[in-house]
There are 2 protein chains.
Amino acid sequence: MPSSRPLRADARRNREALLSAARQAFLGGDTDAHVEDIARSAGVAVGTLYRHFETRDALIKEVYRKEVDDLCAAPGDLLNQYAPEEALRRFLLLLVDHAAVGKGMSVALENIMATDSPVFDDARTRMADALSLLLDAGNAAGTVRGDVTGPTLLRALGGICAMRVSEGWLDEARQITSLLLDGLRHKAPRGS
Amino acid sequence: MPSSRPLRADARRNREALLSAARQAFLGGDTDAHVEDIARSAGVAVGTLYRHFETRDALIKEVYRKEVDDLCAAPGDLLNQYAPEEALRRFLLLLVDHAAVGKGMSVALENIMATDSPVFDDARTRMADALSLLLDAGNAAGTVRGDVTGPTLLRALGGICAMRVSEGWLDEARQITSLLLDGLRHKAPRGS
DNA sequence: CACATAAACGGAACCGGACTCACCTTATGG
DNA sequence: CCATAAGGTGAGTCCGGTTCCGTTTATGTG
């Protein structure tokens with residue numbers, strides 16, 4: 001029962017404005033925008049920001065959590081449109097591209113995947129589930145090995161997305177992704 | 001000409017003490033130790049710290065840079081002792097284990113590999129060279145594909161090492177590494 | 001519509017932590 | 001032993017996140 005009362009009209013407006021302003025700032029690459037600035041560009045004072053979010057960090061997390069929600073929706077759609085292996089491929093690339101939108105987003109993913117914070121438990125679980133869905137489908141179709149779990153792949157991706165900045169990173173991220181995909185495809189002999 | 005003068009005796013002592021104290025703190029997991037504390041546990045005042053290091057960040061970087069130096073020495077040795085592919089495998093795992101020593105070290109690697117900061121250009125280049133050495137040897141021996149470069153692999157590893165914390169991470173890191181290795185081994189058919 | 005009241009807002013003040021600077025201490029070479 | 005410049009010190013500044021309380025406003029009631 002998070003909402004004891006439905007939240008006053010202007011309050012919700014402001015909360016929304018704050019999230020939007022923060023999103024704007026973070027996705028724009030300015031990962032350490034000042035709370036003052038965020039508040040101002042949302043048309044409110046800092047006090048208001050703190051009424052809605054426990055802390056600066058909480059605000060950031062909220063923004064990122066929302067962003068991840070979108071991503072989590074994709075696997076289901078992809079599996080409807082493509083063969084399992086292709087769906088997996090596309091999802092991995094989608095993640096990479098998503099990270100490319102704003103450098104900030106990569107920090108988001110990194111945090112979500114590398115942090116222990118319970119705040120992300122839900123997001124992480126859902127993302128891992130999404131991956132498991134793809135992996136299982138691929139395994140059932142015989143094109144993907146069965147000894148890799150969703151959570152593990154999730155970590156690998158978190159790692160890849162953590163590589164922020166520098167010119168050619170996007171291409172390299174894609175290449176690494178395909179490398180991972182190659183690894184997933186073959187049931188390689190288990191060296192001693 | 002970095003050193004115009006050989007640096008006074010006590011100065012070098014203090015500089016060393018600071019690096020050591022910082023190393024202690026960071027590798028111990030306290031990635032955001034206060035400068036005050038670092039200085040104190042090195043037996044000097046903050047002013048002294050700032051005499052030796054432009055900024056807190058500079059100190060951290062210096063510690064990490066040194067740590068990476070060690071790692072860079074390994075590939076040569078490994079190639080002397082093992083077959084190329086095995087040497088590559090061992091080096092990758094060495095990286096992972098090194099990251100395991102202290103959680104702080106993973107942050108180190110991440111920073112070094114993901115940052116553009118010219119400070120790390122040298123470290124990054126040398127690490128990439130080390131990997132190229134291993135890849136080339138493996139390729140010459142016919143056991144490793146030839147279309148992956150040192151820098152690319154370096155990024156992938158930086159990513160993996162960026163996954164800090166949470167119980168099973170070490171095992172997962174190892175698994176992901178072997179996944180990567182599988183991808184490197186086979187010259188997989190290039191999908192459309 | 002006027003009023004009561006609880007919810008929201010504003011923004012000056014606070015506080016913790018990185019960084020500076022004017023002054024003191026000490027190594028070093030003559 | 002002195003001169004002097006390198007080195008050290010730590011109180012003070014600055015900056016940015018967070019708090020707090022007086023003021024404003026949405027909302028529902030008579």
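Below, all heavy atoms of this structure are taken into account, side chains as well, without hydrogens, waters or symmetry copies. The shown structure was predicted, so the numbers you read here are calculated from the model rather than taken from an experiment. Convention: sequence-line order gives letters A, B, ...; per-chain numbering from 1.
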| query | R23(B): what forms a salt bridge (charged side-chain N to carboxylate O under 4.0 Å, His left out) with it, not counting sequence neighbours? | reply | E67(B)
| message | Return a single string for nucleotides 17-27 of chain D, one symbol per nucleotide in 5' to 3' order, where B is base contact, S is sugar-phosphate-only contact and - is none, cutoff 4.0 angstrom on heavy atoms. | response | SBB-----BSS
| request: Give a yes or no answer on whether the side chain of T152(B) reaches the backbone of V148(B) with a donor-acceptor pair at less than 3.5 Å. | output: no
Counting only pairs under 3.5 Å, give me each side-chain donor-acceptor contact of residues 71-88 of chain B, with atom names and distances, residues two or more places apart or in other chains.
| residue | atom | partner | partner atom | Å |
| --- | --- | --- | --- | --- |
| Y82(B) | OH | R90(B) | NH1 | 3.3 |
| E85(B) | OE2 | R185(B) | NH1 | 2.1 |
| E86(B) | OE1 | R89(B) | NE | 3.2 |
| E86(B) | OE2 | R89(B) | NH2 | 3.2 |
| E86(B) | OE2 | R90(B) | NE | 2.9 |

| task | Report yes if at least one side-chain N or O of H52(A) is closer than 4.0 Å to OP1 or OP2 of dC9(C); otherwise report no. | result | yes
| query | Between N14(B) and dG8(D), does any side-chain N or O lie under 4.0 Å from OP1 or OP2? | reply | yes
Mind listing the side-chain donor-acceptor pairs of residues 8-22 of chain A below 3.5 Å, one per line with the distance, residues two or more places apart or on another chain?
| residue | atom | partner | partner atom | Å |
| --- | --- | --- | --- | --- |
| R8(A) | NE | D10(A) | OD1 | 3.3 |
| R8(A) | NH2 | D10(A) | OD2 | 3.2 |

| query | Would you say a side-chain N or O of T48(B) is under 4.0 Å from OP1 or OP2 of dT9(D)? | reply | yes
May I have the list of side-chain donor-acceptor pairs in residues 33-46 of chain A shorter than 3.5 Å, sequence neighbours left out?
| residue | atom | partner | partner atom | Å |
| --- | --- | --- | --- | --- |
| D37(A) | OD1 | R40(A) | NH2 | 3.2 |
| S41(A) | OG | I38(A) | O | 3.3 |

| said: Rounded to whole Å, how long is the line connecting atom CZ of R12(B) with atom C1' of dA27(C)? | reply: 13 Å
| task | Could you tell me which residues satisfy side chain to side chain donor-acceptor pair (under 3.5 Å) with R51(B), sequence neighbours excluded, listed by chain and number? | result | none
| Distance, rounded to the nearest Å, where L49(B) contributes CG and dA11(D) contributes C1' | 17 Å
| What is the distance, rounded to the nearest whole Å, between atom CG of D37(A) and atom P of dC15(D)? | 14 Å
